[in-house]
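Contents: one structure, followed by commentary.
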Amino acid sequence: MVLIQQLINGLQVGSIYAVIALGYTMVYGIIKLINFAHGEVMMMGAYFAFIAASAGMPVWAVFAISMILSALMGVFIESVAYRPLRNAPRISALITAIGVSLFLQNLALVVFKADPKVMPTIIENQPIIFGSLRISNITIITFVVSVVFMILLTVFINKTKPGKAMRAVSEDKEAAMLMGINVNQTISLTFAIGSALAALGGILYGIAYTQVFPTLGLLPGLKAFVAAVLGGIGIIPGAMIGGFIMGFVETLTKAYISGSWSDAIVFGILIVVLSVKPTGILGKNIREKV
Amino acid sequence: MTDKNKKVYLINLITVILVFVFLTILMKLEVISNYYQGLLVFICINIIVASSLNLTVGFLGQLALGHAGFMAVGAYGAAMISIAMRDMALFPVLQLSISLIGGGMLAGIIGYLIGLPALRLRGDYLSIITLGFGEIIRVVINNLKITGGAQGLSGIPKIANFTNSYWITVIVITILFALTHSRQGRAILSIREDEIAAEAVGIDTTKYKAIGFTISAFFAGIGGGLFAHYLAYLDPGTFNFMKSVEIVVIVVLGGMGSLTGTIFAAIVLTILPEFLRQFADFRLLIYSFALILMMIFRPQGIFGTSEFSLNGFLSKPGFFRNRIGKGDSKGGKS
C-alpha cells in the first residue's frame with residue numbers, strides 16, 4: 001500500500017518533470033542548445049501565476065496569463081540572447097544560456113525578494129480516499145493537465161503545418177529554409193511553446209508545494225533536463241518517459257533510501273545513462289561527419 | 001633554455017618580487033588594512049581556481065560546470081589532513097604545503113575518476129556530466145560524518161596568509177604557463193582547435209583530455225585548500241552550482257585560453273563587488289548581464305587567447321612608435 005501511495009506521488013512529480021522536460025527537448029531538438037534558462041522560465045511562470053492568483057483571478061485565467069506571459073518571455077529571450085549567437089561556437093551559446101539563467105534568477109531576487117511567497121490556494125485540496133489510499137485531487141489534476149498538454153503537443157507536432165515546419169527545421173535548417181519555411185519564426189514558436197509548458201510546470205509545482213521563491217527553478221530545471229537526456233534529448237516521447245522515470249525514482253529514493261541522498265541518486269542515474277548510452281533510452285546513434 | 005627565455009623568466013620574476021614587496025610595504029604601513037589583506041588572499045584563491053578551470057575550458061575547449069566540486073574536495077581533503085597534523089607542531093609553511101598537496105592530489109584523483117567516463121563525451125554532454133558530478137560531490141560532503149555534514153567543518157588551522165597565498169599563486173601560474181607551452185600543452189591545444197584533426201595526426205585525445213582534466217582538478221583542489229586554511233571553517237553550501245558558474249564567469253570574461261586574462265578578470269571580479277557594496281543585490285544581475293553581452297559582442301573574452309607579456313613592453317623601447325609604424329606599413333601594402 002505504501003508503495004502504491006509512493007508511486008502515485010511519483011506520478012505527480014513525474015508529470016511536472018515531464019512537462020518541463022518537453023521544453024528542454026524541443027529547444028534542443030531545434031537549435032541544439034541546452035537552454036539552461038528553462039528552469040528560470042518555469043520559476044517566472046510560477047511567479048506570474050502567483051501574481052495573477054493573488055489578484056483573485058479564476059483558475060483558468062491564472063493558467064492562461066502565466067503561460068502567455070512566459071511564452072512571450074521565451075520568445076524575447078531567444079531573439080535577444082540566442083539569435084545573435086546562432087552561428088557562434090556551441091560553448092558561447094551555452095555560456096549565454098547560463099548567463100540568461102543567472103540573470104532571470106537574480107532579477108526575481110531583486111524584484112520579488114528572497115523570501116518564499118505562499119501561493120494562494122487556487123485549487124482546494126480535497127483528498128479522495130480509496131480504502132487506505134489517499135489521493136489528493138491536486139495529484140489527479142496535475143497528472144490530467146500534463147497528459148492533456150502532452151497529447152495536444154504531440155498532435156500539434158505531428159498533424160499541423162507549423163508542427164511539420166518544426167520537425168523540418170530540427171532535421172536540417174538550411175534545407176528547411178530552401179523549402180520556404182521561415183526558420184526564425186519556427187524557432188520563436190518552439191520557444192513560445194516550450195516556455196508556456198515550463199510555466200505550466202511552474203504553476204503545477206507552485207500548487208503542489210504551495211510556495212514560490214527565486215531559486216525554485218534550479219533543481220526542477222536540472223532534474224527535468226536529466227529527464228530529457230534520459231529519454232533521449234530532442235525526442236518528444238523520450239522527454240515524457242524520462243520525466244515519469246525521474247519522478248518515480250525521486251519519490252521512491254526519498255521514501256525508501258534517504259531524502260538527503262535523492263539528488264545524488266538522480267545525478268548518478270544521469271551519469272550512468274550518459275556513460276552507457278549517451279543518446280538516451282529512445283535515442284539513435286548518429287555518426288559524426290568530418 | 002635559450003638566453004631569450006632566461007631573460008623573459010628573469011623579467012617576470014623581478015616583477016613578481018617587486019609587486020610582492022610593494023604590497024608588503026603597503027601592509028606594513030597599514031595603507032592596506034587587514035580587511036583588504038583578506039581580499040588579496042581571495043584574489044589569489046580565485047586566480048588559482050579560475051586559471052585551473054581555464055586549462056579545461058580555455059585550453060582543452062571543454063566547458064566543465066562542476067569546478068566548485070573539485071575545489072570542495074581539495075578544501076575538505078586539505079582541511080582534514082591539516083587537522084590530523086595539528087598536534088605535530090610542524091612549521092606552518094610545511095604543514096600548509098603538505099595539506100595543500102594532499103588535498104590537491106585527492107581532487108586530482110577524483111578528477112581523473114570523473115574524467116574517465118566524462119571525457120568520452122563531447123560538448124554539451126560533458127558540461128552536463130561535470131555539473132552532475134559537482135552536485136554529487138556536494139551532496140556526499142553534505143551527508144558524510146567525517147566532513148562535518150551540513151554543519152560544516154571547523155577547527156581548521158588558520159595558517160594561510162597573504163605571503164604564502166601569493167607565492168603559491170605564483171607557483172601555480174608558472175606551472176600552468178610552462179605546461180601550456182610544452183609538448184603536452186600543444187597536444188591539449190590541438191584538441192580545442194579540432195578534435196577529429198588532432199586524432200587524425202596521432203594525438204591520443206582521450207589521454208590528453210584526461211591529463212588536462214586531472215591537472216585542472218588538482219589545482220582547483222589547491223585553491224580549495226587555501227580557501228579552507230584561510231577561512232578556518234568550511235560550509236558545504238559554499239561549493240554549489242553558483243560557485244562553479246562564478247568561476248566560469250571569471251574565465252570567460254578574462255578570455256578562454258589566456259592565463260593573464262584570467263588573472264586580470266579574477267582581480268577585477270573580486271575587488272569590484274567590494275566597491276559596489278551598496279549595490280550588492282545587483283551584483284549577480286550585473287555579472288550575468290555582462291556575461292550575455294560579452295558572449296554576443298566579444299565571445300573570446302577581454303584578452304581572447306593572447307597573453308599580456310611584460311617582455312613585449314620592456315624589450316622594445318619604441319613600443320608605441322613601432323605600433324604606429326606597423327599600422328602605416330599595413331596601410332601602405334593594401
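What you see below is based on every heavy atom in this structure, not just the backbone, and it leaves out hydrogens, waters and symmetry mates. Chain identifiers are assigned alphabetically (A, B, ...) following the order of the sequence lines, protein sequences preceding nucleic acid strands; residue numbering begins at 1 within each chain.
To the nearest 0.5 angstrom, B:F241 atom CZ is 5.5 Å from A:I98 atom CD1. A distance of 6.5 Å separates CG in A:L94 from CG in B:L65, rounded to the nearest 0.5 Å. The structure places CG of A:L219 at 6.5 Å from CD of B:E135, a figure rounded to the nearest 0.5 Å. The distance from atom CD1 of B:I292 to atom CZ of A:F103, rounded to the nearest 0.5 Å, is 6.5 Å. Here A:D263 contributes atom CG and B:R138 contributes atom CZ; the two are 7.0 Å apart, rounded to the nearest 0.5 Å. For the atom pair A:T96 OG1 and B:L293 CG, the distance stands at 10.0 Å (nearest 0.5 Å).
Contact of A:A81 with chain B is made through backbone and side chain together, with heavy-atom distances under 4.5 Å. There is no contact between A:V266 and chain B, counting heavy-atom distances below 4.5 Å. Only the side chain of A:L85 comes within contact range of chain B, judged by heavy atoms closer than 4.5 Å. Only the side chain of A:L218 has a heavy atom closer than 4.5 Å to any heavy atom of chain B. Proximity to chain A (any heavy atom under 4.5 Å) is shown, for B:F297, by neither the backbone nor the side chain. Using a 4.5 Å cut-off between heavy atoms, A:V110 touches chain B through its side chain atoms alone. If you measure heavy-atom distances from A:L222 to chain B, the contacts under 4.5 Å come from the side chain alone.
Around atom CZ of A:F248, more than 12 heavy atoms belonging to other residues, nucleotides or ligands sit under 6.0 Å away. Under a cut-off of 6.0 angstrom, the local environment of CD in A:Q185 is sparse, with at most 12 non-hydrogen atoms contributed by other residues, nucleotides or ligands. Within a 6.0 Å radius of CZ in A:F112, other residues, nucleotides and ligands contribute more than 12 heavy atoms.
Here the closest non-hydrogen pair linking B:I296 and A:V80 is CD1-O, 3.6 Å. When all heavy atoms of A:G99 and B:S288 are compared, the pair lying nearest together is O-CB, 3.3 Å.
With respect to chain A, the highest number of heavy-atom pairs below 4.5 Å among B:I114, B:N142, B:V140 belongs to B:V140. Of all the listed residues (A:P84, A:G268, A:S92, A:S101), the one sharing the greatest number of non-hydrogen pairs under 4.5 Å with chain B is A:S92. Chain B forms the most heavy-atom pairs under 4.5 Å with one residue out of A:L33, A:L102, A:V100, and that residue is A:L102. Residue with the most contacts toward chain A among B:I286, B:V139, B:D194: B:V139 (heavy-atom pairs, distance under 4.5 Å).
Two residues are said to be in side-chain contact when any heavy atoms from C-beta on lie closer than 4.5 Å; B:L131 and A:L270 fail this criterion. Looking at heavy atoms from C-beta onward, B:I129 lies out of side-chain contact with A:F267 at the 4.5 angstrom threshold.
Residues of residues 248-272 of chain B lying under 4.5 angstrom from chain A, judged on non-hydrogen atoms, are B:V252, B:M256 by number.
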